[in-house]
There are 2 protein chains.
Amino acid sequence: MTSAAAEPPWLNDAEMRTWRAYLRAVNLIDRRLNEGLKTAADLAIEDYEVLVHLSETPERRLRMSDLSQRLVHSQSRLTQRVDRLAKRGYVSREKCPEDRRGTFACLTDEGFAALQATAPHHVRDVREALIDLVGTDEHEIVADVFERIIERLRQD
Amino acid sequence: MTSAAAEPPWLNDAEMRTWRAYLRAVNLIDRRLNEGLKTAADLAIEDYEVLVHLSETPERRLRMSDLSQRLVHSQSRLTQRVDRLAKRGYVSREKCPEDRRGTFACLTDEGFAALQATAPHHVRDVREALIDLVGTDEHEIVADVFERIIERLRQD
DNA sequence: TAATAATCATTCAACCTTGAACTATCTGGC
DNA sequence: GCCAGATAGTTCAAGGTTGAATGATTATTA
């Protein structure tokens, strides 16, 4: 996709349209989902995503660094987010025996229950704000584009 | 796109793929663009976007409330962001004579110069992180999807 | 036209993120 | 085995965001 030669410096009309729409839509989606989770469960979307990632793991736990990479959060940001979720009883910490520098964030039963209780509201919001606005035939293209981006930016 | 009947409650595989890729890609893009602007001009992307929106206006100024809507920022967030940009000399304030409750945020010459100096770096980053990863034939679809979303979420 | 409601912008306190500094542990080369 | 350097995670201070409260002005309506 990216040629070796220099790309044109500015964006053409089609590119600018994509970029502007992207910027605005992402902000609107973020605001909407945050409002929804705040009302339904007094959670930020980042909190919710922590619970989701933990719940999708067989042991319902993840190493802090692993989790921070998945969420694209800095380590200190995750440390403090997990602190707050732990204070609420949704997450607990376990020392990692194999690597004693390491810590697991573990989803508690209470955290799992909160996630299950909140999920239907959140999924409805996700549908309304994004998924139901992508046509059946468009999903693959959109997912392709985003996965290309992830592949490109992942390493850093 | 949204039917009157109830949507299926959970996401199917294609929908989930879109959603997960979206979440991760957006965070990676945001991180990348912020890093780029921070190094190039010690600006956050929100600062940059303030300058862009002001510069695109004939008078190079916008009412605070107008600007906060375009950026999808709360009013208090914008107030404080403009405070900081004003402290740096990139933006100034003018009282609005027609509606004396109102205030204009005005792009200064210095702010415009900073924008011009930074734009090439930022555009390169935008290309690398998003635009060049969307195929020529994909731009219209992606833009369509995001504009649909904007239309849906705009009013709130 | 006075009263009520709505809008524009700012302020303040509580909360959250950032990034650098720090502790503890592990890894690889000698 | 030992040391330099990498890695995991936390802490702290500085700065940014949120949301409710406030002050000032404009719109509505009885």
Side-chain angles (χ1 to χ4, degrees), chain A residues 26-28 30-39 42-50 54 61-88 90-106 155-156, chain B residues 26-28 30-39 42-50 54 61-88 90-106 155-156:
Chain A
V26 164
N27 280 320
L28 286 165
D30 192 61
R31 164 184 286 186
R32 172 60 157 271
L33 297 182
N34 262 311
E35 283 172 2
L37 281 169
K38 177 86 183 178
T39 349
D42 195 33
L43 289 170
I45 189 165
E46 289 90 350
D47 294 319
Y48 186 87
E49 289 299 317
V50 168
L54 295 178
R61 63 180 200 181
L62 280 171
R63 288 285 298 272
M64 292 294 283
S65 49
D66 190 352
L67 189 49
S68 79
Q69 286 208 335
R70 293 185 195 221
L71 296 168
V72 194
H73 283 195
S74 68
Q75 288 206 128
S76 81
R77 181 180 181 183
L78 181 62
T79 291
Q80 297 178 94
R81 199 155 274 289
V82 167
D83 284 350
R84 292 188 291 269
L85 285 169
K87 226 169 252 164
R88 255 171 101 161
Y90 288 178
V91 163
S92 64
R93 278 181 229 251
E94 279 175 25
K95 296 303 295 175
C96 173
E98 288 84 42
D99 183 340
R100 281 170 9 195
R101 293 168 301 181
T103 308
F104 285 107
C106 315
Q155 37 274 24
D156 314 333
Chain B
V26 164
N27 280 319
L28 285 165
D30 192 61
R31 164 183 287 187
R32 170 62 155 272
L33 297 181
N34 262 311
E35 283 172 2
L37 281 169
K38 176 85 184 179
T39 352
D42 195 33
L43 288 171
I45 189 164
E46 289 89 350
D47 295 318
Y48 187 87
E49 288 300 318
V50 167
L54 295 179
R61 63 180 200 182
L62 281 170
R63 288 285 298 272
M64 292 295 283
S65 50
D66 191 350
L67 189 50
S68 79
Q69 285 209 336
R70 294 184 195 222
L71 297 167
V72 194
H73 282 194
S74 68
Q75 289 204 128
S76 80
R77 182 181 180 183
L78 181 63
T79 292
Q80 296 178 98
R81 200 155 274 287
V82 167
D83 283 351
R84 292 187 291 269
L85 286 168
K87 228 170 253 165
R88 256 172 101 161
Y90 287 178
V91 162
S92 64
R93 280 181 227 252
E94 279 174 25
K95 296 302 296 175
C96 173
E98 288 85 42
D99 183 341
R100 280 167 14 191
R101 294 167 300 182
T103 308
F104 285 107
C106 315
Q155 40 275 21
D156 312 333

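Naming: A, B, ... by sequence-line order, numbering from 1 per chain.
In terms of polar N and O atoms assigned as donor or acceptor, the side chain of A:Gln75 never comes within less than 3.5 Å of the base of D:dT7 in a complementary pairing. If you check distances only, the side chain of A:Ser76 does reach the base of C:dG19 with a donor-acceptor pair under 3.5 Å.
Regarding B:Gln80, its CD atom lies at a distance of 8 Å from the C1' atom of C:dT11, rounded to whole Å. A straight line from CD of A:Glu98 to P of D:dA8 spans 14 Å, rounded to a whole angstrom. One interatomic measurement links the two molecules: CD of A:Glu46 to P of C:dC16, which rounds to 10 Å at whole-angstrom precision.
Heavy-atom distances to DNA chain D give each of A:Phe104 and B:Asp99 a nearest nucleotide, and the one nearer the 5′ end belongs to A:Phe104. Along DNA chain C, the nucleotide closest to A:Ser74 and the one closest to A:Arg101 are compared, and the more 5′ of them pairs with A:Ser74.
Within a 6.0 Å sphere centred on NZ of B:Lys95, heavy atoms belonging to other residues, nucleotides or ligands number more than 12.
Checked against D:dT10, D:dC12, D:dT17, the side chain of B:Arg81 finds its nearest nucleotide in D:dT17. Closest to the side chain of A:Met64, from the set D:dT17, D:dA8, D:dT10, is D:dT10.
Looking only at distances, a side-chain donor or acceptor of A:Asn34 sits under 3.5 Å from a matching main-chain atom of A:Ile45.
The shortest distance between the side-chain N/O atoms of A:Arg84 and the OP1/OP2 oxygens of C:dA14 is not below 4.0 Å. Between B:Arg93 and C:dT10 there is a side-chain polar atom (N or O) within less than 4.0 angstrom of OP1 or OP2. Close to C:dA9, at under 4.0 Å from its OP1 or OP2, lies a side-chain N or O of B:Arg63.
The residue B:Thr79 sits close to a base: some heavy atom pair falls under 4.0 Å. Base engagement by A:Arg77 is indicated by at least one non-hydrogen atom pair under 4.0 Å involving a base atom.
The existence of a salt bridge linking A:Glu49 and A:Arg70 is excluded, since no basic side-chain nitrogen approaches an acidic carboxylate oxygen closer than 4.0 Å.
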